[in-house]
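The structure appears below as structure tokens.
The model shown is predicted, which means the values in this text are computed figures rather than measured ones. Chain letters run A, B, ... following the sequence lines, proteins first and then strands; every chain starts at 1.
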Number of protein chains: 2
Amino acid sequence: MDIDDLAERILKGERRALARAITLVESGRADHRAEARALIERLRGHGREALRIGLSGTPGVGKSTFIESFGMMLIAQGLKVAVLAVDPSSARSGGSILGDKTRMEQLSRERDAFIRPSPSQSHLGGVARRTREAIDLCEAAGFDVILIETVGVGQSETVVAEMSDLFMLLLAPAGGDELQGVKRGIMETADIILVNKADGELKATATRTCADYAGALRLLRKRPQDPEGFPKALTVSAVEQSGLEHAWEEMQALTDWRRETGHFAGRRAEQARYWFEAEVREGLLARLRREPVRGAMQALARQVEAGEISAAVAAEELLETYLGESQPA
Amino acid sequence: MDIDDLAERILKGERRALARAITLVESGRADHRAEARALIERLRGHGREALRIGLSGTPGVGKSTFIESFGMMLIAQGLKVAVLAVDPSSARSGGSILGDKTRMEQLSRERDAFIRPSPSQSHLGGVARRTREAIDLCEAAGFDVILIETVGVGQSETVVAEMSDLFMLLLAPAGGDELQGVKRGIMETADIILVNKADGELKATATRTCADYAGALRLLRKRPQDPEGFPKALTVSAVEQSGLEHAWEEMQALTDWRRETGHFAGRRAEQARYWFEAEVREGLLARLRREPVRGAMQALARQVEAGEISAAVAAEELLETYLGESQPA
């Protein structure tokens, strides 16, 4: 594959080149990995700095409808919008939360929108790497806003927060007792809580729920990356398309403040380090799944199970024989 | 250190030799690690198969008093009892949950009891390995029952469950609403739930709480390693020393059934494999904290933060230069 040519076409904003490049970074083949790395390195520093918005919401909260309405609003403002997904369950279900583009029927037909389903991978680490690289590719292709959505199962919210400039939590109107249902760790990660379905007969409940969350947010410790008044809780209605512009204004105000104070760049630098370290760990542990280490490990595991050798001695043997220190070249 | 001599004295049940050996496995020094591995390997298969009982309970639930009363009851039946602790917070607090032996004043004076505080380690992985090796040493020294206690913070319950034959959850009497406070994952790990403080004015509440937990346990999926009626919820009073003998009978009944059906040995084999794999992973990742890898990684991380190199390329460079495949000797 001609990486330079592909890079150039991505920088021109060619959608087919972008789609092809994302397929490349999603591949697990060693030669594809090398090409993907070369491509990402080639594009580094050449793209636009998009605003990366992480969005978490459980099924039923109206996430697709929100992305559709919010995305259409951004496009109406002249912005280009990419939607990526991190879905740890897609491998299991055999599909993807974004597999069916009819979920976002209008948005998917827009020339300035790009929607990509979650790669089907068995483990979250793989999905995370591919999504991060897809973000880099979308930035190179000139998208202004990149929405990274997740269903918020297990660690996937943390993963998305670690690759976003802003992290949104989309919630449904609910009784006061259900506030506890939101994990404290996620509350502390959110920059803006959006209470959806503030329409029809749920409107009053949504307003009350929003006030409850606002109260809960005020109890959290002040974070250095927040100006006065953030994190914030807002009501929106994806169906009635209300509150979306206000939410976007708040996101922009927060982003502007963070850019001015250096928190925006600081967070990106921290995230880059985080993912570099994660890649190193993952790359190291990947050797345990490859021969000859894999076979030797299984043989030793059987001996350990049978009580023929202690776990510590067996581990030492494997580490010394197959995973010893190598000298710098 | 004469490992053969130390091993022999441990097999004779000499407490000072046991204490010295545990100090050896708790050491982080490379030469001590090698001696510790040799000792564990030397003792493998020579000890008694003790019953390893994991016990989790938050502060205030009466864990120390329970261990004291339960331990004294076992000793009265002619059994030898060791008490170990897994406390991930001990490094932080500078102390240990078992540091003060006055917590178990009676038990600590018994000739047939051995109480060892949690090793102070900065990470749970280190505490886990040292505790597992201390268990092996206690078995070699002829203890019949090994109680492994934890405060149940974060992952420590899972760690203790993975080194126990039986896993107990010690809980306080509580209102029905508080049942939710027990994480589902831990409920599913428990073999027996013990509701403590079934005495005085809390007796009725304890009975009701016990019934609530029993109901919750019945809703869980049946596990192959359980006979009819397990997992079970029971009331005990550590202060009045009531219910302890009944709890012990239930533990024995469960153990007998698991021994007969092969689940006891099966679980130990699975745990041995689990810890072997954990040791390999931990040993591999430990190389990232040693020179020259550590320094090279920090230098690359700074470049990644500054945007001078992509995370993927930097990771690849580190892996290829410093952590490459080594050929089997």
Run the side-chain contact (heavy atoms from CB on, under 4.5 Å) check on Met297(A) and Glu277(B) step by step: do they pass?
-> CA-CA 8 Å; Met297(A) 193 163 166; Glu277(B) 291 173 352; 3.6 Å; yes
Okay, side chain of Arg273(B), backbone of Arg302(A): is any donor-acceptor separation there less than 3.5 Å?
-> no
Short side-chain to backbone donor-acceptor contact, Glu41(A) and Ser310(B), under 3.5 Å | yes
Region of Leu43(B) that comes under 4.5 Å of a non-hydrogen atom in chain A | neither
Winner by heavy-atom pair count (cut-off under 4.5 Å) against chain A, out of Val313(B), Asp136(B), Leu284(B) = Leu284(B)
When you look at CZ of Arg294(A), are more than 12 heavy atoms from neighbouring residues, nucleotides or ligands closer to it than 6.0 Å?
-> no
Which residues share a side-chain contact (heavy atoms from CB on, under 4.5 Å) with Asp144(A), sequence neighbours left out = Arg48(A), Leu79(A), Lys80(A)
Gln303(B), part contacting chain A, at a heavy-atom distance under 4.5 Å = neither
Tell me, out of Ala311(B), Ala269(B), Gly266(B), Gly283(B), who's got the most heavy-atom pairs with chain A below 4.5 Å.
-> Ala269(B)
Out of curiosity, Glu305(B) CD to Arg268(A) CZ, how far, rounded to the nearest 0.5 Å?
-> 14.5 Å
Set of side-chain contact (heavy atoms from CB on, under 4.5 Å) partners for Ala296(A), sequence neighbours left out | Leu318(A), Tyr322(A)
Contact summary for Arg33(B) and Ala312(A), nearest pair of heavy atoms | NH2-CB, 4.5 Å
Heavy-atom distance under 4.5 Å to chain A: side chain of Arg44(B), backbone, both or neither?
-> side chain
